[in-house]
Amino acid sequence: AQSVTQPDIHITVSEGASLELRCNYSYGATPYLFWYVQSPGQGLQLLLKYFSGDTLVQGIKGFEAEFKRSQSSFNLRKPSVHWSDAAEYFCAVGEQAGTALIFGKGTTLSVSS
Amino acid sequence: GAVVSQHPSRVICKSGTSVKIECRSLDFQATTMFWYRQFPKQSLMLMATSNEGSKATYEQGVEKDKFLINHASLTLSTLTVTSAHPEDSSFYICSARAPQSNYGYTFGSGTRLTVV
């Protein structure tokens, strides 16, 4: 069965510093991969997704992620973090188009000034 | 862009009563919607897949008789928590795939259910 692992429960980054959130997945074929952000008490906002093609994906708010098949990873990056980026970040995997997403446990990002 | 509207955003109900949560796709038709449950500081757990015009598919461990799902039209799915108990208190989120967003999954804003 497919699964998603986000190894870091909580990360604190200084404002202006770079960010990398890790995500590893377990799935036999090429999965559909997603990163979502959730503010407290809110729904989820899609940051970016990967279905196929270029393995470096650009998203909203200056985020990007790179699909590495050899490492079964889809890490999220941002070159310069803003205080407003503090939130919960979820990596998710879809088995194929149309099925429900499976989520990782999430990483809480705190931004220090 | 694709919008999924979820209502209500917050609800408090007494133990033993039923609560209905609505999930609407505003600018697209959703033949399939997904319902998730999220406990505080935890991830989203899939409860069921809602299919328009047919019975929902529930995940293992989810009580079908407690969490009634109806998907009567291409733009509306409802989740009814029947005979609610305090342990049903949680954050419920619906999701649908929208063609106009290249089939990205769009999520509702969630419903905070508190059973007292």
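The chains referred to below are lettered A, B, ... by the order of the sequence lines, with proteins before strands, and numbering in each begins at 1. Atom set for the values below is all heavy atoms of this structure, side chains included, hydrogens, waters and symmetry mates excluded.
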Engineer: Are side-chain heavy atoms of B/K41 and A/I9 found at a separation under 4.5 Å?
Structural biologist: no
Engineer: If you count the non-hydrogen atoms of other residues, nucleotides and ligands that lie under 6.0 Å from NE2 in B/H7, is the total more than 12?
Structural biologist: no
Engineer: With a 4.5 Å cut-off on side-chain heavy atoms, are A/Q42 and B/F91 touching?
Structural biologist: no
Engineer: Taking disulfide (SG to SG under 2.5 Å) as the cut-off, I'd like each qualifying pair that reaches into residues 35-69 of chain A, sequence neighbours left out, listed once.
Structural biologist: none
Engineer: Given the rule in the side chain to side chain contact (heavy atoms under 4.5 Å, CB included) test, do A/L44 and B/L44 qualify, once you have shown the distances and angles that lead to the verdict?
Structural biologist: CA-CA 10 Å; A/L44 277 75; B/L44 284 77; 3.9 Å; yes
Engineer: Would you mind checking which part of B/Q6 comes under 4.5 Å of any heavy atom in chain A, side chain (CB onward), backbone (N, CA, C, O), both or neither?
Structural biologist: neither
Engineer: Please output the residues of residues 101-111 of chain A in contact with chain B, using a heavy-atom cutoff of under 4.5 Å, in numerical order.
Structural biologist: A/L101, A/F103, A/G104, A/K105
Engineer: More than 12 foreign heavy atoms under 6.0 Å from NZ of B/K55: is that the case here?
Structural biologist: no
Engineer: Same cluster or not: are A/I11 and A/L76 linked, directly or through other Ile, Leu, Val, Met, Phe, Trp or Tyr residues, by side-chain heavy atoms under 4.5 angstrom apart?
Structural biologist: yes
Engineer: Checking A/E88 against chain B: side chain, backbone, both or neither under 4.5 Å from a heavy atom?
Structural biologist: neither
Engineer: Determine whether B/Y105 and A/L46 make a side-chain contact, defined as any pair of heavy atoms from C-beta on separated by less than 4.5 Å.
Structural biologist: no
Engineer: Run the side-chain donor-acceptor check on residues 51-61 of chain A: report pairs under 3.5 Å with partners two or more places apart or on a different chain.
Structural biologist:
from, atom 1, to, atom 2, distance (Å)
A/D54, OD1, A/L56, N, 3.1
A/Q58, NE2, A/E64, OE1, 3.1
A/K61, NZ, A/Q45, OE1, 3.0

Engineer: In the single-linkage hydrophobic clustering (I, L, V, M, F, W, Y; side-chain heavy atoms under 4.5 Å), do B/L113 and B/Y36 co-cluster?
Structural biologist: no
Engineer: For residues A/L33 and A/Y89: do they belong to one hydrophobic cluster (side chain heavy atoms under 4.5 Å, members Ile, Leu, Val, Met, Phe, Trp, Tyr)?
Structural biologist: yes
Engineer: For B/R10, look at atom CZ and say whether over 12 heavy atoms of other residues, nucleotides or ligands are found less than 6.0 Å away.
Structural biologist: no
Engineer: May I have all residue pairs that pass disulfide (SG to SG under 2.5 Å) and include part of residues 31-96 of chain B, sequence neighbours excluded?
Structural biologist: B/C23-B/C94
Engineer: Between A/F90 and B/Q42, which heavy-atom pair has the shortest distance, and what is it?
Structural biologist: CZ-O, 4.0 Å
